[in-house]
Amino acid sequence: MEQRPLWSEAGAAPAEAPTTRGSRAVRTSGVKSRRELSAPVAAATVRAEVSAPVLASIAVGRPVRGEFTYALPEELAGRLEPGQRVLVPFGRGTALGFYLGPASPPPGDKVKLKAVQRVLEDSPSLPRDLIALLRFAAVHYRYPLGEVIRGALPPGLSKAVEEKEAKPDVQHFAVALVNEVPPELSRAPAQSAALAYLLAVGGRAPLEEVAHAIPGARETLKKLATRGFARLEEKTVEASVKEGLIQGRPDHLTPEQDAAGVVLRGALDAATFQPFLLHGVTGSGKTEVYLRAAEHALSLGKGSLILVPEIALTPQLVGRFRSRFGAEVAVLHSALKDRERLFHWQALRRGDVKIAVGVRSAVFAPVDNLGLIVVDEEHDPSFKQEEKLRYQARDLAVVRGKQAGAVVVLGSATPALETLENVKRGRYQLLELKHRVDDRPMPSIELVDLRVERPREGVVTEEAPILSPPLLEAMAETIGRGQQVILFLNRRGHSTVLLCEVCGLSLKCSECDVCLTHHRSQNRVVCHYCGLAMPVPEQCLECTGPMLKLGIGTERVEAEVLERIPTARVARLDRDSASSAERLTELLASFARRELDVLVGTQMVAKGHDFPGVTLVCVVMADTSLSIPDFRAAERTFHLLTQVAGRAGRGKDPGRVLVQTYNPDAEPVRRVLAHDFDGFANQELEWRKALAYPPYSRMAAVRLEGEHPEQTASVARSLGNIVSRHMPPASAGVRMLGPALAPISRIRGKTRWQLLLKGPTHTALAPLLARVEAALADVPSAVKVVIDVDPGAML
DNA sequence: AGCACGCCGACT
DNA sequence: GTCGGCGTGCTC
């Protein structure tokens, strides 16, 4: 058999994992050896000489596991390349398929193979390196390959239709004609919001993109154009590609930025896989390092992929890439329209556009001749997708870099402990930026012990106050100097718990296992998990006792600031107040224009914003996120506190940070105060090692959700039994935790259970996961079970 | 996912 | 007697 040497790896593949229980003879195993991923694929011309029917391995765009073998009609055999979309008969109908390469005949003999019907495109939508990445993702995260591929493609290419070119051959751009929002627009919030956004992203952006961030911006920008504050342009794509307006490039770098740049340029020149951690304190100029690296890649004719946590919250970074590289950049945000998504995909695929900036899903962007991958804020939890294919984009970025021979830069002020451990083991090279740009000092961080500095009772406030005297004093002083304050608290609403004074019962959601939060502005109690809302009960629903309102949220902090410092101009920034993207941008713009003195907010205020007027940042309660039952709680707290603290003193004036807490001895709090990331990390790593948590182990979660509590519990227990029965000897170090009710045991009326697996390597867990997967066939459909590999949270 | 096949309730 | 409920299983 002539095919044998070419494809012998495929025959050996099934050894890797016992797949589904039946592992039917007709099915090509979905699990392929790693070698096969990089195996050279036979040229179609070779197959033409073979007299036996030419066979094709196809991933079908349906949620079925494994790859399928089809016969390839002779006239198609010559024109098929891996990654091409085809039409195949499947079941009684047809389905979209992805040609992955030639196949060997399936072992069972009496299988009648169907033939590929049609080729849907002349050149593959999927580049070679992406196929390898998607295959890895399908195996690692245990998700059907066809679905993985379909999910990665833009909607226009994930349907079984011929490829058509998405050709808005003219693109509409909005260009700002002023450098800041003029005061005469202060009475026109929509216009000032649109203009503020446009300025934030570099003064020039596709109309589509502004309209995405700010609903109705199309009309608003027209109005701005007639008033002379902006201009609308139509550009052919070719013209805008040539434009490449290089601007805003700082002349000199800090010595540290320079040193990092030299190393990265060397790595890019070497054109091999090299992973780096760029560990830089907030304000140290990481973005400029990324920009220079992308510039260098471009000069070598290579493409770059830049991943960021959330575009709407990082317009500055997007703006800098756009103003540096012009139309050489495709910005891939979460809510592009189908047409635009397809257009960007094709432009990147052709190599017309060489840089992609995008969120999590952009890790699958078909950047041509990939030279550089950057993951900014690599520790950010939003890189983990929590549905469908539950991938970690940062991890996949490293895999992709390895497969593509690209340089990978993970950037953060507070790297994930997983990343740090990779540095310690010598897998990633460390680049450090220890100093801020212009040698601005790090903000001073002071502790306010709430057990000592008791907040004084107010006149109006009916509940216990939370702002301590030192905090109020510092705020008043800062505002007096004409500077601005950010108050951070990680909880929305007014009070977070309503407790009966007599029977001690707290008011819970009827559908979820969580307490209802009182939102005074809406005069309702609201469930933050399912959205259920109801009027505020006057008294306890059980015993008619009076209700105490405990637990502090942003609404209450806002009210307290207003009461204590009546002259302060205060606004609140959380999911309730920033209900629309428009409101969000407007609020941020207004704060940036210094029309507000105090911004009270949740996580939203902690991310990448750059407000030079802010010199005081207060953390209202540092302990809230410490009590979460998750082994990463301390790490999250440290990240969050550091990030918030980093908002202070980004302008000329030095910054000051006050942290209120009832837990001054808590490790993350103490270490943040001392600006001691390394100390925190070492301590935390030691603890993780002792308890064999990641990065010293790999985890996988089996999550169950069901209508009926008993049924869900029994399924959970039976899956637990299956795992215990196949548990390797204790020496293998694999452990099962649970099955147990999830920490939030009910959401939207569904009972939740989970089972955690912990092992020294992912390979040690894979066989157990395969067993669970096989058992899924016998699980009643009323119970939904998903496998979450490398889970991001334990809830 | 679709779309079969397959055994138990209220309708012409 | 039949139409149809969605439980279970398969798709090269």
Side-chain angles (χ1 to χ4, degrees), chain A residues 3 7 10-11 13-14 19-32 36 47 50 52-74 76-77 80 82 84-120 134-135 138 141-153 155 157-161 387-390 704-708 710-712 714-715 718-719 773-787:
Chain A
Q3 291 181 13
W7 220 220
T19 36
T20 52
R21 183 187 33 156
S23 195
R24 304 178 65 84
V26 287
R27 176 179 291 167
T28 318
S29 168
V31 184
K32 300 275 178 177
E36 191 199 342
R47 17 239 54 262
V50 185
V54 181
L55 303 182
S57 184
I58 306 270
V60 180
R62 294 277 169 81
V64 289
R65 258 155 223 291
E67 295 167 23
F68 291 82
T69 307
Y70 282 84
L72 212 51
E74 208 129 315
L76 294 184
L80 223 45
Q84 250 164 300
R85 296 158 60 248
V86 296
L87 200 64
V88 291
F90 193 73
R92 64 182 3 259
T94 56
L96 174 65
F98 305 97
Y99 175 63
L100 299 170
S104 47
D109 30 19
K110 48 188 179 286
V111 198
K112 20 103 207 153
L113 295 180
K114 292 182 180 174
V116 171
Q117 251 169 33
R118 201 144 55 86
V119 178
L120 294 170
L134 294 165
R135 253 180 167 149
Y141 296 108
R142 314 198 82 86
Y143 210 74
L145 179 59
E147 287 286 281
V148 172
I149 297 176
R150 230 163 58 97
L153 287 171
L157 295 175
S158 55
K159 292 180 205 88
V161 291
E387 52 168 43
K388 294 183 180 166
L389 173 68
R390 296 173 163 254
L704 300 92
E705 201 175 272
E707 204 76 56
H708 318 291
E710 308 77 27
Q711 188 189 34
T712 313
S714 92
V715 171
S718 77
L719 289 179
E773 208 165 71
L776 258 36
D778 304 322
V779 171
S781 56
V783 181
K784 292 260 167 289
V785 185
V786 296
I787 292 175

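Throughout, a chain's letter reflects where its sequence line sits, starting with A, and its residues are numbered from 1.
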Output for pair (L100(A) CG, L80(A) CG), nearest 0.5 Å, gives 10.0 Å
For chain A, the stretch of DNA chain B it reaches, first to last nucleotide, under 4.0 Å of its heavy atoms
dA1(B) to dA4(B)
Report yes if some heavy atom in the side chain of L72(A) is under 4.5 Å from a heavy atom in the side chain of L55(A); otherwise report no.
no
Under-3.5 Å N/O pairs linking protein and nucleotides 6-9 of chain C:
none

Measure from the side-chain N and O atoms of R85(A) to the backbone N and O of K159(A), and report whether any donor-acceptor pair falls under 3.5 Å.
yes
Can you measure from CD (E67(A)) to CD1 (I58(A)) and round to the nearest 0.5 angstrom?
9.5 Å
Atom pair distance, as rounded to whole Å: CG in L113(A) and C1' in dT11(C):
13 Å
Identify, with sequence neighbours excluded, every residue that meets ring pair (Phe, Tyr, Trp, His ring centres under 6.0 Å) alongside F90(A).
F68(A)
Rounded to whole Å, CG of L100(A) lies from P of dC12(C) at a distance of 16 Å
Base, sugar-phosphate, or nothing: which does F90(A) touch, judged by heavy atoms less than 4.0 Å apart?
base
Salt bridge check, E773(A) against R142(A): does any charged N sit closer than 4.0 Å to a carboxylate O?
yes
How long is the span from the OH atom in Y141(A) to the CZ atom in R390(A), to the nearest 0.5 Å?
12.0 Å
If only atom types and distance count, is the side chain of Y143(A) paired as donor or acceptor with the main-chain N or O of R65(A) below 3.5 Å?
no
Can you tell me how far C1' of dC10(C) sits from CZ of R65(A), to the nearest Å?
15 Å
Length of the CZ-P vector between R62(A) and dC12(C), whole Å
10 Å
Between P on dC10(C) and CZ on F68(A), what's the gap in Å once rounded to a whole number?
12 Å
Spacing between Q117(A) atom CD and dC12(C) atom C1', to the nearest angstrom
13 Å
